[in-house]
Amino acid sequence: MLDLIILSLHFFIFFLISIAIWCGPKDVDSHTSSTGGVEMEPDGLIFIGKEEDIKKSRRITAKINDREIVVFYHEGKFHALDSRCYRKIFDCVISDIDGHACIVCPWHKFKITLETGEGLYEGINPLEPSPTPKWQSKGVKQRIHKITIHNGNVYVSPPDLSVSFDSDYFADKYKNGGELAMGK
């Protein structure tokens, strides 16, 4: 009977820890920064931050028209993508996959190219005599945003919402940096 009580207590503690992790802070990273308000330039570009600051931090989040984006600085280039797939991608790892710099979602292991927002997966053609896994495209899944550097400042073009991507669904569900608007 005592063993059952101890086992139940362990499960209850694990449950509480899981809830604390699930509901805890979402942007915890000691080397990050985030922009405050949106500064619109006359040509429609949106100021994100100072080039040197983003280079030092390697990534920064910003909000553009209620859409959270993340700007990465990787191997000498700036990349901007929607900040959400199913979760935040801010904390993801950047890996080289088949010659493409890709973010790898820490929860789902989705692989998304920084350059195009294309989803990659490793698959085989079962019709081949000796099928070998090859990297293939799922198509563009994550909205990317055009970056402009001018006088040491980093700007992003507002998104063209006339074309839809999978990440749009999650950007809308997670508006204002909060949890799912419709519940978890």
Side-chain angles (χ1 to χ4, degrees), residues 24-108 110-120 137 139-181:
K26 307 300 183 218
D27 275 331
V28 177
D29 196 350
S30 61
H31 64 279
T32 65
S33 59
S34 179
T35 61
V38 173
E39 293 180 35
M40 185 76 78
E41 295 295 312
D43 54 3
L45 297 177
I46 299 166
F47 174 77
I48 298 299
K50 295 287 186 187
E51 182 178 10
E52 287 307 311
D53 293 340
I54 299 172
K55 283 180 176 180
K56 286 178 193 170
S57 67
R58 312 299 271 173
R59 57 187 76 183
I60 187 172
T61 58
K63 195 165 260 190
I64 298 175
N65 303 338
D66 289 330
R67 177 180 295 267
E68 190 175 277
I69 68 163
V70 61
V71 177
F72 294 98
Y73 179 73
H74 180 72
E75 294 183 353
K77 293 182 180 177
F78 288 93
H79 308 277
L81 297 94
D82 277 356
S83 178
R84 300 281 185 167
C85 62
Y86 296 92
R87 305 277 183 158
K88 287 191 176 184
I89 63 172
F90 182 82
D91 295 325
C92 66
V93 173
I94 299 176
S95 298
D96 180 70
I97 297 174
D98 200 31
H100 301 282
C102 295
I103 56 171
V104 180
C105 173
W107 293 276
H108 305 99
F110 295 143
K111 289 137 184 85
I112 301 167
T113 65
L114 289 174
E115 290 284 331
T116 63
E118 195 173 7
L120 299 180
S137 173
V140 176
K141 299 294 182 181
Q142 199 78 11
R143 180 177 295 279
I144 60 169
H145 303 270
K146 184 177 183 257
I147 296 272
T148 301
I149 311 291
H150 182 68
N151 290 334
N153 294 323
V154 177
Y155 300 90
V156 173
S157 298
D160 173 10
L161 299 177
S162 67
V163 179
S164 174
F165 298 100
D166 288 0
S167 64
D168 293 338
Y169 173 77
F170 300 101
D172 287 340
K173 281 188 103 164
Y174 288 95
K175 274 190 177 174
N176 302 321
E179 291 304 313
L180 283 169

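Counting non-hydrogen atoms of other residues, nucleotides and ligands closer than 6.0 Å to NZ of Lys77 gives a total of 12 or fewer. Heavy-atom contacts from other residues, nucleotides or ligands closer than 6.0 Å to NE2 of His74 number more than 12.
With no hydrogens or angles considered, a side-chain donor-acceptor pair links Glu118 and Ser137 at under 3.5 Å.
The two residues Gly117 and Ile144 have their closest heavy-atom pair at N-CG2, 3.6 Å. Across every non-hydrogen atom of Lys141 and Phe165, the tightest pair is O-CB, 3.9 Å. Counting all heavy atoms, side chain and backbone alike, Tyr73 lies closest to Ile54 at CB-O, 4.0 Å. The two residues Val154 and Lys50 make their nearest non-hydrogen contact at CG2-C, 4.4 Å. Closest approach of Ile69 and His145 over heavy atoms only: CG2-NE2, 3.3 Å. Heavy atoms only, all atoms of each residue included: Gln142 and Asp82 are closest at NE2-O, 2.9 Å.
Results of the side-chain contact (heavy atoms from CB on, under 4.5 Å) test with Cys102 over Ile97, Ile112, Asp96 single out Ile97 as the only residue that passes.
A distance of 4.5 Å separates CZ of Phe78 from CD1 of Ile149, quoted to the nearest 0.5 Å. Atoms CG and NE2, on Leu114 and His100 in that order, are 11.5 Å from each other to the nearest 0.5 Å.
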### Task
Determine, stepwise, if the pair Leu120 / Asp98 fulfils side-chain contact (heavy atoms from CB on, under 4.5 Å).
CA-CA 10 Å; Leu120 299 180; Asp98 200 31; 5.5 Å; no

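Judged by distance alone, with hydrogens and angles left aside, the side-chain atoms of Arg67 form no donor-acceptor pair with the main-chain N or O of Pro158 at under 3.5 Å.
A 4.5 Å side-chain heavy-atom check between Ile48 and Ile60 finds at least one atom pair inside the cut-off. Looking only at side-chain heavy atoms (C-beta outward), Arg59 and Ile94 come within less than 4.5 Å of each other. By the 4.5 Å heavy-atom criterion applied to side chains, Lys146 and Tyr155 are not counted as neighbours.
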